[in-house]
Structures are given as structure tokens and as C-alpha cells.
Amino acid sequence: MSEPDAGSPRTGLAGRRWANFRRNRRGFLSTWIMVVLLLATLPAEFIANDRPLLVQFQDRYYFPVLANYPETTFGGDFATTADYRDPYVRDLIGADGWMLWPLVPFSYRTVALDLGEPAPSPPSAEHWLGTDDQARDVLARLIYGLRISILFGVVLTAFSSTIGIAAGLVQGYFGGLTDLLGQRLIEIWSGLPVLYLLIILASIVTPSFWLLLFLLLLFSWMGLVGVVRAEVLRARNFEYVKAARALGMSNARIMTRHVLPNAMVSTLTFLPFTLAGSVTVLTSLDFLGFGLPPGSPSLGELLNQGKNNLQAPWLGFTGFLALALLLSLLVFIGEAVRDAFDPRKVFQ
């Protein structure tokens, strides 16, 4: 039995949008690549770590990737956490057991002390993408850096979109003085020098993940206000909205159940591009040294290392290709979402 056509009534609106999304082969393929990238970076501790996934010692099983075990557990002399890269600890475990290591036996903070040449060292069989100028494995830091960039972008996009959509919804629905004051506030707030404020704050306090997220959230929520406001200004004059008011329905229910769904169609097409912008902002701040705390794995820090170590081109190429791939995937997915919600293509 053949699959229903995208324009067939049996598929419904959601089915036709999904069909239009799949027709954009570049965006559909980018979605799958992004899924694979997420699956490879979100469980980073199980893929790149300087601790074994599983240790079998004297007929007992241990999970160092999930818990800390003292060296005395394996017959050592010290009660501190075991260093599984230490040859002494390796010999202790190997004498009466075995270890299962991750695919990349390095964490983002692991310093390789057995390099045969000064750091940064070029790619090798042990360090697939080489090491940076502090003798840390580039592939491990890339995996952790991609995870931080994606999670930061997703969280910032979710929070900023929620605030922006709510502000645009209130302004567009009530209009009048509410809209006027809201627009003037946005104009004043958007005129503040964001970069200078971040530099000043970074010199006072050490930015963490959540503090940096909060600071950027103060200014990033305005991106969707104009789009939502314009859609709501148009939708509030529809006949069914006037009928809902005449029936005594509350403003909150009208906004959330009848007006907001119309505004979300155009808003959803902007979310992948907003996500790409959030990733770029974090990378830029890390590159300038005003982002995450020193030592944190990030694409911006990797690019900065490439700038400072021109004799090690693998650092710059790795950071550039990773960032270019991530942003390209997000843009292609955004184009596919735009085609899916395009009213001129839905009923083709």
C-alpha cells in the first residue's frame, strides 16, 4: 500500500508539515546528524574519561566512572582516590582483575605526562586530535566542549524564548499603553552595551555556567518579541477571538488557547537560528576570555588556543570545523522547519 501524499486530507496538518520537513533533504539529514552528535556528547563521561567504565578486582565489580574508590580498595597504600592511569595502580588491578576503558581514555582536564615531545603535540595513535598547549587531549575537550555549547544554547534559547514570547503576547494582545511602554522599554534595554557590561561583571566575579546564562538571558529575550507581537496584533482582531471575548472567556485563556498558537507557527521557525546565535555568543565570550571559568572545555577556548599556537594548526582547524559543523547543522534544520510551517507549502 502506497504512503499517502503530503497533500492528502488523510495525513492531517501535522502529517503534511512532517512531509514538507522531510522533503528538505539537507535539513532532514542535518537533524539525524545532530541526533548522533547529541548521543555522542551528552554521555561524555562514558566516552572520554580518565577513569575506567568497569573494574573487576578479586571477583568484585567497581564502577569508577560513577563513584570514587580509594587506592586501598585495590591493595594500594593511600586512602586517596585511585589514579587509574598510574602504572602502580594498573599493575595492582591487572594482577587480580581487569579494567574496561572508555573509547577515549582521557578527560577534558587530564594532563598527559608521558608525551614524547613538548606540548602541543600533533595527532597520534594515542591522541587522535593531538594535545593542546597544556598537554590535554583535544578530542576529549572537544567532546565536552560540544556538550557544554549545545546545552548552554538549548537552555538559553528555551528561557529567552519563553520570556520573549510572553512579552510579545502581552504587548500584542492588550496594545495601547501596554504596547507603548513595552516598546520603549525594549528600545532602552536593547541600547545597553552588552559586551562592555559582561566585561565589567567578569572582572568583578568569576562567571560560572549559570551566572553567565543569567547575564546573557537579561539581553537575549528581546529577539522574539517583535515577531510574536506582530502576529498577536493581527490575530487579536480575528472573529473567533472577538467571539471568545463576547462569551466571557478570560484574557489569559484567550491568549494561551486561541492567540498564541497562531503566533507560534512563525516563532518556531526562528528557534534553530536563535539556538545558533546562543552557541555563537558563548563561543565568542570564551574566545575573548570572558566566558566560562578558566580550564573549562569550550569551543571558544579551543579557538583561542589555535590563535595562540599557530605552530599547531590542528588546534585551530579542529575548533573551526567543529563550530562550522554545529552552526551549519542548526541553520539547515532551521530552514527545514521554516519550510514545514510555510503555509504556501503545507498544502502542496
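Below, all heavy atoms of this structure are taken into account, side chains as well, without hydrogens, waters or symmetry copies.
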Visitor: To the nearest 0.5 Å, what is the distance between OG1 (T81) and CD (E71)?
Guide: 10.0 Å

Visitor: Looking only at side chains, do R17 and N20 share a donor and an acceptor under 3.5 Å apart?
Guide: no

Visitor: Examine distances only and state if a side-chain atom of S278 and a backbone atom of T274 form a donor-acceptor pair shorter than 3.5 Å.
Guide: yes

Visitor: Does any part of the side chain of I148, heavy atoms only, come nearer than 4.5 Å to the side chain of S298, both counted from C-beta?
Guide: no

Visitor: Can you name the nearest heavy-atom pair linking P272 to L268, along with the distance?
Guide: CD-O, 3.5 Å

Visitor: Are the side chain of S107 and the backbone N or O of T110 linked by a donor-acceptor pair below 3.5 Å?
Guide: no

Visitor: Extract all donor-acceptor atom pairs below 3.5 Å that involve side chains of residues 219-234 and protein atoms in other chains or at least two apart in sequence.
Guide:
residue, atom, partner, partner atom, Å
S220, OG, L216, O, 3.0
W221, NE1, L218, O, 2.9
R229, NE, D179, OD1, 2.6
R229, NE, D179, OD2, 3.2
R229, NH2, D179, OD2, 2.9
E231, OE1, R234, NH2, 2.7

Visitor: Of all the heavy-atom pairs spanning L330 and A276, show the shortest one and how long it is.
Guide: CD1-CA, 3.7 Å

Visitor: Donor-acceptor check, side chain of Q58 to backbone of G97, threshold 3.5 angstrom: yes or no?
Guide: no

Visitor: If you look at every heavy atom in A79 and P70, which pair is closest and at what distance?
Guide: O-CB, 3.4 Å

Visitor: Using atom types as modelled and distance alone, determine if a side-chain donor or acceptor of D137 lies under 3.5 Å from a backbone N or O of A140.
Guide: yes

Visitor: Using the six-membered ring of Y108, assess whether NZ or CZ of R141 lies under 6.0 Å from its centre and within 45 degrees of the ring axis.
Guide: no

Visitor: What is the distance from atom CD of E117 to atom CG of L115, rounded to the nearest 0.5 Å?
Guide: 7.5 Å

Visitor: Determine yes or no for a side-chain-to-main-chain donor-acceptor pair under 3.5 angstrom, with R23 supplying the side chain and A336 the backbone.
Guide: no

Visitor: With a 4.5 Å heavy-atom cut-off, do W210 and V155 have their side chains touching?
Guide: yes

Visitor: Tell me every residue that passes side-chain hydrogen bond (donor to acceptor under 3.5 Å, both in side chains) with Y69, counting only those two or more places apart in sequence or in another chain.
Guide: none

Visitor: Classify the side-chain pair N68/R51 by whether it contains a donor and acceptor separated by less than 3.5 Å.
Guide: yes

Visitor: So, Y84 and D50: side-chain donor and acceptor under 3.5 Å apart, yes or no?
Guide: no

Visitor: Would you check if L323 and T283 make a side-chain contact, meaning some heavy-atom pair closer than 4.5 Å?
Guide: yes

Visitor: Does the side chain of Y144 come within less than 4.5 Å of E45's, by heavy atoms?
Guide: yes

Visitor: For the hydrophobic clusters of this structure (ILVMFWY residues joined by side-chain heavy atoms under 4.5 Å, transitively), does one cluster hold both L39 and L146?
Guide: no

Visitor: Just by distance, do the side chain of N308 and the backbone of N304 share a donor-acceptor pair under 3.5 Å?
Guide: yes

Visitor: Could you tell me whether a side-chain N or O of S161 sits under 3.5 Å from a main-chain N or O of T157, the two making a donor and an acceptor?
Guide: yes

Visitor: Other residues, nucleotides and ligands only: do more than 12 of their heavy atoms fall within 6.0 Å of OH on Y88?
Guide: yes

Visitor: Donor-acceptor pair, distance only, cut-off 3.5 Å: does the side chain of S190 make one with the backbone of E187?
Guide: yes

Visitor: Within the 4.5 Å heavy-atom criterion, are Y61 and L54 side-chain neighbours or not?
Guide: yes

Visitor: For the residue pair S30 and I333, establish whether any side-chain heavy-atom pair is separated by less than 4.5 Å.
Guide: yes

Visitor: Rounded to the nearest 0.5 Å, what separates atom CG in L215 from atom CG in L197?
Guide: 9.0 Å

Visitor: Output, in order, the C-alpha distance, side-chain angles, deciding distance and verdict of side-chain contact (heavy atoms from CB on, under 4.5 Å) for I254 and R245.
Guide: CA-CA 8 Å; I254 294 175; R245 287 201 196 98; 3.7 Å; yes

Visitor: Would you check if L217 and I163 make a side-chain contact, meaning some heavy-atom pair closer than 4.5 Å?
Guide: yes

Visitor: Following the transitive rule for hydrophobic clusters with a side-chain heavy-atom cut-off under 4.5 Å over Ile, Leu, Val, Met, Phe, Trp and Tyr, establish whether I204 and L212 coincide in one cluster.
Guide: yes

Visitor: Side-chain heavy atoms nearer than 4.5 Å, only ILVMFWY residues, links allowed to pass through others: does that put W189 and L156 together?
Guide: yes

Visitor: If we only count heavy atoms from C-beta on, is the M255 to L260 side-chain gap below 4.5 Å?
Guide: no

Visitor: To the closest 0.5 Å, what do you measure between CZ (R184) and CG (L180)?
Guide: 5.0 Å

Visitor: Please say yes or no: joined through hydrophobic side-chain contacts below 4.5 Å, possibly via intermediate residues, are I150 and V279 part of one cluster?
Guide: yes

Visitor: For F332 and T31, run side-chain contact (heavy atoms from CB on, under 4.5 Å): C-alpha distance rounded to whole Å, both residues' side-chain angles, the deciding distance at 0.1 Å, then the answer.
Guide: CA-CA 8 Å; F332 293 155; T31 303; over 6 Å; no

Visitor: Considering all heavy atoms of both residues, which atom of A135 and which atom of A119 are nearest to each other, and what is their separation?
Guide: N-CB, 3.7 Å

Visitor: Going by the side chain to side chain contact (heavy atoms under 4.5 Å, CB included) test, name the single residue among L42, L37, I47 that passes it with R147.
Guide: L42

Visitor: Looking at F57 versus Y62, is the centre-to-centre ring distance below 6.0 Å?
Guide: no

Visitor: Write down the atom of Y173, the atom of N251, and the distance for their closest heavy-atom approach.
Guide: OH-OD1, 2.9 Å

Visitor: Check this for me: R60, atom CZ, are more than 12 non-hydrogen atoms of other residues, nucleotides or ligands nearer than 6.0 Å?
Guide: no

Visitor: Would W18 and F21 count as a close aromatic pair, with their ring centres under 6.0 Å?
Guide: yes

Visitor: So, for H258 and F238, is the gap between ring centers shorter than 6.0 Å?
Guide: no

Visitor: Run V111 and Q134 through side-chain contact (heavy atoms from CB on, under 4.5 Å) and show every step you take.
Guide: CA-CA 7 Å; V111 177; Q134 299 183 38; 5.8 Å; no

Visitor: Between S328 and L325, is there a donor-acceptor pair closer than 3.5 Å when you use the side chain of the first and the backbone of the second?
Guide: no

Visitor: Can R136 and E301 be counted as an ion pair, charged N to O under 4.0 angstrom?
Guide: yes

Visitor: Atom CG of residue position D59 - does it have more than 12 heavy atoms of other residues, nucleotides or ligands inside 6.0 Å?
Guide: no

Visitor: Of all heavy-atom pairs between V65 and L53, which one has the smallest distance, and what is that distance?
Guide: CG1-O, 4.0 Å

Visitor: Would F46 and L66 satisfy side-chain contact (heavy atoms from CB on, under 4.5 Å), going step by step from the backbone distance to the final call?
Guide: CA-CA 9 Å; F46 296 90; L66 299 176; 3.7 Å; yes

Visitor: Taking atom CZ of F320 as the centre, report whether more than 12 heavy atoms of other residues, nucleotides or ligands fall under 6.0 Å from it.
Guide: no

Visitor: Going by atom types alone, do D339 and N24 pair a side-chain donor with an acceptor below 3.5 Å?
Guide: yes

Visitor: CE/M34 to CG/L38 distance, rounded to the nearest 0.5 angstrom?
Guide: 6.0 Å

Visitor: Quick one: pull up CG in D96 and CD1 in I93 and give me the separation to the nearest 0.5 Å.
Guide: 10.5 Å

Visitor: Any link between V331 and L329 through a network of hydrophobic side chains (Ile, Leu, Val, Met, Phe, Trp, Tyr) touching at under 4.5 Å?
Guide: no

